[in-house]
Amino acid sequence: MTKTILRALKGETLPVPPVWMMRQAGRYLPEYRATRAVAGDFLSLCYTPDLAAEVTLQPIRRYGFDAAILFADILLLPQALGADLWFAAGEGPRLSTVTTAGELAALKPKDAIHETLSPVYETVRILARELPNETTLIGFAGAPWTVATYMIAGRGTPDQGPAHALKATDRATFAGLIEVLTEATIDYLSAQVEAGAEVVKLFDSWAGSLRGADFDAFAVAPAKRIIAALKARHPGLPVIAFPREAGERYIGFAGATGADCVAIDNSVGAEWAAANVQKDGCVQGNLDPALLVTGGAALDRETRRVRDAFAKGPHIFNLGHGITPDADPENVARMLAALRG
Ligand code: CP3
């Protein structure tokens with residue numbers, strides 16, 4: 001009876017893997033674009049619980065995914081800590097920057113975040129009530145390193161250059177920011193769980209640009225602390241970690257951080273990940289999202305290849321990164337037919 005996602009996260013190998021998609025509520029869906037137009041803009045959508053819950057539910061109604069992920073953004077936490085945040089049309093996020101000890105000290109204390117984030121918790125409460133019984137509700141936050149890369153640069157960057165530069169030139173301020181984010185993330189995710197999230201996922205989208213000891217200090221160690229604190233407060237809470245483009249560093253990541261599941265991007269082969277990562281427990285991934293744009297027989301073939309590669313152990317089927325706005329909604333249905341058929 002238990003939900004399939006929760007069973008996979010506990011280590012069970014299921015005959016057909018449970019499935020959801022990163023960015024499953026998004027611009028590729030006409031009903032998402034319509035609700036976003038009602039909200040006016042992306043941030044208003046995130047902070048209006050009825051509408052955020054509505055877009056979270058849309059892909060569940062349309063496709064019957066096994067999990068719903070809270071509709072919000074990893075950059076709401078910096079905003080709750082006092083950063084200015086806005087989305088320039090067609091250009092992605094912009095933030096006021098934190099690059100000095102003074103700017104770090106000017107951030108709000110972590111206890112202040114709930115004032116800004118309470119609508120997010122209300123969205124979770126609505127979803128916990130309205131989701132079908134078999135659907136798992138996933139909460140999330142950005143991992144400290146990834147969130148810090150946006151706060152330091154004030155925007156997305158191709159190589160996270162400004163964050164690497166601050167790490168090299170003012171290690172105390174950089175490490176202090178990671179510390180603030182680690183502590184705030186624990187409280188933010190904990191509040192999501194109290195509101196009804198059954199699983200939480202930590203998105204470290206830029207983990208792949210951390211090398212050697214930096215990967216240990218700024219990807220592994222913060223995740224380990226966050227996961228330990230969450231599990232102490234919420235015994236048995238399953239946690240998915242996504243150190244995107246970690247490559248060889250996917251090996252042992254679950255053991256080193258205490259994550260129940262490691263999400264794999266599509267820069268590594270499913271066969272490689274099955275042999276090297278799935279031996280430690282549940283894995284999530286890793287279909288190339290580009291296939292949902294191009295579709296056809298290649299989509300069927302690759303869906304089955306990923307499914308079959310991971311079939312000998314616990315697996316949650318997902319993409320290697322978020323579905324893109326130019327994806328065809330019909331191709332999502334086709335992927336599900338190939339997976340379940
Ligand atoms: O997966 C989901 O459906 C849940 C909601 C969710 C969003 N963002 C909604 C969103 C989640 C989990 C995120 C995570 C997120 N946000 C990450 C980590 C995952 C990843 O993609 O690597 C990052 C780096 C961000 C920051 C962010 N938010 C960027 C860089 C952008 C602009 C890029 C883009 O796709 O436009 C966003 C905007 C954003 N977040 C959108 C959505 C649906 C698009 C907003 C719109 O409607 O225009």
Side-chain angles (χ1 to χ4, degrees), residues 19-48 51-60 62-63 65 67-79 83 85-95 120 123-124 127 136-151 153-158 160 163 185 188-189 192 197 199-209 240-246 263-267 284-286 289 316 318-327 332:
V19 53
W20 66 280
M21 292 191 313
M22 284 185 264
R23 291 277 172 99
Q24 63 190 17
R27 285 164 292 184
Y28 75 105
L29 287 179
E31 59 267 38
Y32 169 86
R33 296 195 298 268
T35 307
R36 197 183 107 145
V38 171
D41 60 69
F42 171 66
L43 283 176
S44 302
L45 180 54
C46 291
Y47 287 120
T48 308
L51 298 181
E54 166 58 24
V55 294
T56 306
L57 291 165
Q58 285 167 350
I60 308 303
R62 192 191 259 257
Y63 301 113
F65 286 118
I69 184 159
L70 163 70
F71 190 85
D73 197 84
I74 65 165
L75 300 178
L76 304 187
L77 183 63
Q79 189 176 35
L85 171 68
W86 67 102
F87 281 78
E91 288 181 46
R94 293 286 185 279
L95 299 90
V120 175
T123 305
V124 175
L127 289 168
T136 300
L137 177 54
I138 303 177
F140 74 92
W145 159 249
T146 287
V147 175
T149 66
Y150 288 92
M151 294 179 80
R155 58 193 297 164
T157 47
Q160 298 73 60
T185 300
Y188 180 36
L189 288 174
Q192 291 181 29
V199 172
V200 296
K201 178 170 173 185
L202 211 46
F203 284 87
D204 211 347
S205 302
W206 300 117
S209 80
I240 303 171
F242 183 35
R244 191 170 73 90
E245 294 194 357
I264 311 280
D265 73 273
N266 49 279
S267 71
Q284 177 178 283
N286 72 340
I316 298 170
N318 205 308
L319 310 179
H321 201 191
I323 185 170
T324 52
D326 55 343
V332 177

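Order of appearance sets the numbers: ligands from 1, and atoms from 1 within every ligand.
Looking at Q24, its side chain never comes within 3.5 Å of a backbone N or O of P59 through a donor-acceptor pair. In terms of modelled atom types and a separation under 3.5 Å, the side chain of T146 and the main chain of S205 share a donor-acceptor contact.
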Test log, rule side-chain contact (heavy atoms from CB on, under 4.5 Å), inputs F242 and Q284: CA-CA 9 Å; F242 183 35; Q284 177 178 283; over 6 Å; no

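In terms of protein heavy-atom proximity, atom 45 (C) of ligand 1 is nearest to F42 CD1, 3.4 Å. Here the heavy atom of the protein found nearest to atom 11 (C) of ligand 1 is F140 CZ, 3.6 Å. Here the heavy atom of the protein found nearest to atom 38 (C) of ligand 1 is F87 CE2, 3.5 Å. Closest to atom 46 (C) of ligand 1 among all protein heavy atoms lies R36 NH1, 2.5 Å.
The closest heavy-atom contact to atom 24 (C) of ligand 1, among the options F242, Y150, F71, Y32, comes from Y150. If you check each of A39, A88, A72 against atom 9 (C) of ligand 1, the one with the closest non-hydrogen atom is A72. Relative to atom 27 (C) of ligand 1, the option among I74, D73, L70, T324 with the closest non-hydrogen atom is D73.
For ligand 1, the polar-atom distance check against S205 finds a nitrogen or oxygen pair separated by under 3.5 Å. Residue H321 has at least one N or O atom closer than 3.5 Å to an N or O atom of ligand 1. Some N or O of R27 is nearer than 3.5 Å to an N or O of ligand 1, by distance alone. Below 3.5 Å of separation, one finds an N or O of R23 facing an N or O of ligand 1.
One side chain, Q160 or S209, offers a donor N or O that lies under 3.5 Å from an acceptor on the other.
Separation of atoms CD (E91) and CZ (R155) is listed at 7.0 Å; rounding is to 0.5 Å. Interatomic distance, I316 CD1 to N286 CG, rounded to the nearest 0.5 Å: 13.0 Å. The line from CZ of F87 to CZ of R94 is 10.5 Å long, rounded to the nearest 0.5 Å. If you take CG on L189 and CZ on F140, they are separated by 9.5 Å, rounding to the nearest 0.5 Å. To the nearest 0.5 angstrom, R36 atom CZ is 15.5 Å from E54 atom CD.
Across all non-hydrogen atoms, the minimal contact from K201 to M22 is NZ-SD, 3.4 Å.
Near I69, with a cut-off below 4.0 Å to any heavy atom, the atoms of ligand 1 are 1 (O), 2 (C), 3 (O), 4 (C). Listed by atom number, the atoms of ligand 1 under 4.0 Å from Q24 heavy atoms are 3 (O). Within ligand 1, counting atoms from 1 as listed, the ones closer than 4.0 Å to a heavy atom of A25 are 3 (O), 43 (C).
At a heavy-atom distance under 4.0 Å, only side-chain atoms of P93, from C-beta outward, approach ligand 1. Counting heavy atoms under 4.0 Å from ligand 1, residue K201 does not touch it at all. Neither the backbone nor the side chain of T146 comes within contact range of ligand 1; no heavy atom lies under 4.0 Å.
With sequence neighbours excluded, the residues that form a side-chain contact (heavy atoms from CB on, under 4.5 Å) with T56 are A68, F71, L127.
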